[in-house]
Amino acid sequence: MSSKMLKFVSTEKSMPNKRGAKNRVADFDEIYDEFNTNDAETQASRCSQCGVPFCQVNCPLHNNIPDWLMMTAEGRMLEAYELSSQTNNFPEICGRICPQDRLCEGSCVIEKGFESVTIGAVEKHITETAFAEGWVKPVAPRNERAETVGIIGAGPAGLSAAEMLRHRGYQVHVYDRYDRIGGLLMYGIPGFKLEKSIVERRGKLLRDSGVHFHLNVDVGGETRFEDIWAEHDAMLIATGVYKARDIATPGSGLNGIVPALEYLKASNRKSLGDQVEAFDNGTLNAESKDVVVIGGGDTAMDCVRTAIRQRAKSVSCLYRRDRTNMPGSQREVQNAEEEGVAFKWLSAPQAFLGEYKVGGVQAQRIHLGQPDATGRQVPEVIEGSTHELPADMVIKALGFDPEDLPAMFGLKGLEVTRWGTLKIDWRTMMTNLDGVFAAGDIVRGASLVVWGVRDGRDAAEAIDKWIMAAEDAPCAAGVER
Ligand code: FAD
Ligand code: SF4
Ligand code: SF4
């Protein structure tokens, strides 16, 4: 083993510098700096090169983490980049926004008493170095193929599939209803976690790789799925999940109560320099308001931190469970607390107050009772605990469900699960319709970027196999439907 490694005994874990809270709430830029070369090498050298690397097992992409850490520690950055980009299409994005504490770093088993290796920040450093050195190149397939694949959805699942299909020489057309590519990378996740130039840089590379983007195309709206399907040999549906869950609380129809994604989209558009009327007229702008965000997931964390940056008067987060039982990342909660968000754990809304416009939230305290069949403790209202919070704006961040795709796409036969996600055969990534594949959140339900990338890669491989098999079939003339 390299003498550069196993330095966890003598070297403490450190993260790249985080900008101070006062400074970072003044803009929407990322809050973490980059590692410099020396820090990246030092932190990578803490890895103990485990025989069974649990970090790798618990990375959805099974990234070869121990090897690229060793290469980084030894200064072999080109090799580290080549290895890391073999398993991940967007390592600089995952390095920034994966919840590493629940994935690779949470499974890092350096000996007891020592903190994990800083895997995500090193992954980001490797790819940022590669961009700076000009090592990241567009895909140049060895042979162009005649077959075409249509992809609906330019989020991480659709984009990673597009890149992998270009590697195999297919003609790839990506359709999206938005005017920019990236899906939630562009319009959901705020700039302080992922600056938009990072997503745009990938978009340019994909265009230079020969991927054709058809933007502002609302499939199921003015464009029929069948019409696009007719132009391609295979289709991939990667449309994500966008139906916001609602809350049946008295007063929930009052003005000033807004869905989280509308709010975040408006903020991201403003940062990109777009004209956003609902922001400019104050509907989706938290400036000078008492803001209450309802929910405890990553979307809620993004909303509270966005409201702080829009100079809200106060920002509270209402969540019916406690801190240890929340779905959002602990790292993000800490960031939010540092930035001035007040968390009201074990609290649930009982009513929204106001005549025409929301003026407050009536809330109740919650106690966690016995676990239910899923093992989670059931929230129970504490009698007589009603209290009020001032609120000029309430943001509902209660999660997302899939839209009714079979109806939307006019594909009555398309099978869905009881949650409304698309049903696929996981061995082939194909829906019950021959030649129609699916990947990402529309299959898993609201998930993570890294799982979208994994599914997109798997789908590309499955599509390739399916097209090749159709060509090899004795009587096939092209791919038939
Ligand atoms: P999406 O990213 O949703 O992309 C789907 C694309 O399909 C969109 O561009 C959409 O416009 C397009 N589309 C949909 N319907 C149609 C149609 N009918 N016609 C044409 N185009 C259509 N994950 C993390 O790992 N880390 C995080 O920090 C994180 N933060 C998040 C914050 C927020 C606010 C949200 C909402 C999610 C967050 N996630 C995070 C989850 C992550 O963003 C998603 O799991 C991931 O983007 C899913 O990828 P996807 O490609 O399946 O779908
Ligand atoms: Fe960790 Fe995500 Fe990178 Fe995998 S892709 S190594 S889980 S940061
Ligand atoms: Fe290195 Fe931690 Fe992975 Fe072990 S689990 S190989 S120490 S990063």
Side-chain angles (χ1 to χ4, degrees), residues 58-63 84-85 87-100 102-104 120 123-124 127 149-167 172 174-178 180-190 193-194 196 198-203 205-206 211 213 235-243 261 264 268 297-299 302 327 329 399-403 405 417 419-424 426 429-431 437-463:
N58 286 299
C59 163
L61 295 162
H62 302 314
N63 281 341
S84 119
S85 60
T87 50
N88 191 350
N89 300 73
F90 313 126
E92 76 288 8
I93 294 178
C94 292
R96 284 170 163 90
I97 58 168
C98 268
Q100 285 103 11
R102 303 199 314 250
L103 299 170
C104 53
E123 188 179 24
K124 171 182 161 191
T127 314
V149 180
I151 298 177
I152 319 277
L159 295 182
S160 52
E163 186 170 272
M164 298 313 285
L165 287 162
R166 281 302 294 144
H167 275 295
V172 180
V174 181
Y175 303 83
D176 202 289
R177 62 182 167 196
Y178 285 151
R180 293 183 174 91
I181 70 152
L184 291 171
L185 299 175
M186 183 61 80
Y187 286 134
I189 299 170
K193 277 164 59 181
L194 175 67
K196 301 304 141 197
I198 306 297
V199 186
E200 283 168 341
R201 185 171 63 183
R202 279 287 166 189
L205 263 176
L206 286 164
V211 176
F213 287 104
M235 290 296 295
L236 174 66
I237 303 177
T239 46
V241 288
Y242 283 88
K243 195 167 85 189
L261 199 54
L264 292 172
N268 278 319
D298 284 331
T299 304
D302 290 348
S329 152
F400 303 94
D401 289 315
E403 290 156 301
L405 270 200
T417 66
W419 299 280
T421 48
L422 290 187
K423 205 184 240 182
I424 60 166
W426 282 98
M429 303 299 284
M430 192 150 72
T431 66
F437 298 76
D441 280 6
I442 191 58
V443 176
R444 291 180 181 273
S447 178
L448 293 172
V449 169
V450 64
W451 280 113
V453 174
R454 167 70 196 267
D455 289 353
R457 295 172 66 88
D458 287 352
E461 195 181 327
I463 290 168

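- A distance-only check finds a donor-acceptor pair linking the side chain of D441 to the backbone of S447 [under 3.5 Å].
- The structure places CG of N89 at 5.5 Å from CE of M164, a figure rounded to the nearest 0.5 Å.
- Contact between L236 and A459 at its shortest, heavy atoms only, is CD1-CB, 3.8 Å.
- Within the model, atoms CG of L185 and CG of N268 stand 10.5 Å from one another, a figure rounded to the nearest 0.5 Å.
- Q100 places a side-chain N or O within 3.5 Å of a backbone atom of G95 that can act as its donor or acceptor partner.
- With rounding to the nearest 0.5 Å, the separation of CD1 in I152 from OH in Y175 is 7.0 Å.
- Nearest heavy-atom pair across S160 and G452 is OG-O, 3.8 Å.
- Contact between G240 and I442 at its shortest, heavy atoms only, is O-CD1, 3.6 Å.
- Nearest heavy-atom pair across Y242 and T239 is CE1-O, 3.2 Å.
- The side-chain heavy atoms of L194 and V449, taken from C-beta on, include no pair separated by under 4.5 Å.
- Sorted by first then second residue, the salt bridge (Lys or Arg N to Asp or Glu O under 4.0 Å) pairs that include residues 90-99, not counting sequence neighbours, are E30-R96, E34-R96, E92-R202, R96-E128.
- Every residue two or more places apart in sequence or in another chain that forms a side chain to side chain contact (heavy atoms under 4.5 Å, CB included) with L448 is listed here: P99, R102, L103, V450, W451.
- Counting only heavy atoms from C-beta outward, the side chains of V199 and R180 never approach each other to under 4.5 Å.
- Between I424 atom CD1 and D455 atom CG the span is 6.5 Å, to the nearest 0.5 Å.
- Taken from CD1 in I151 to CG in D176, the straight-line distance is 11.0 Å, to the nearest 0.5 Å.
- Every residue two or more places apart in sequence or in another chain that forms a side chain to side chain contact (heavy atoms under 4.5 Å, CB included) with T421 is listed here: P402, T417, W419.
- Note: E123 CD to F90 CZ = 12.5 Å, rounded to the nearest 0.5 Å.
- Tested against E163, the residues L205, V172, L206 include a single side-chain contact (heavy atoms from CB on, under 4.5 Å) partner, L206.
- Panel note: side chain N63, backbone S84; no donor-acceptor pair is recorded below 3.5 Å.
- The backbone N or O of C94 lies less than 3.5 Å from no partner atom in the side chain of K124, so there is not a single donor-acceptor pair.
- With contacts defined as side-chain heavy-atom distances shorter than 4.5 Å, the pair R166/V211 qualifies.
- For the pair G158 and A238, the tightest heavy-atom approach, listed with the atom from each and the gap, is N-CB, 3.8 Å.
- Two residues are said to be in side-chain contact when any heavy atoms from C-beta on lie closer than 4.5 Å; I181 and V174 fail this criterion.
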Should W426 and D458 be marked as a side-chain contact (heavy atoms from CB on, under 4.5 Å) after you check the CA-CA gap, both sets of side-chain angles, and the distance that decides it? CA-CA 9 Å; W426 282 98; D458 287 352; over 6 Å; no
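- Residue G440 comes nearest to A157 through the heavy atom pair CA-CB, 3.8 Å, listed as atom of the first residue, atom of the second, then distance.
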Between L159 and F213, is a side-chain contact (heavy atoms from CB on, under 4.5 Å) present by the stated rule, with each step listed? CA-CA 10 Å; L159 295 182; F213 287 104; 3.6 Å; yes
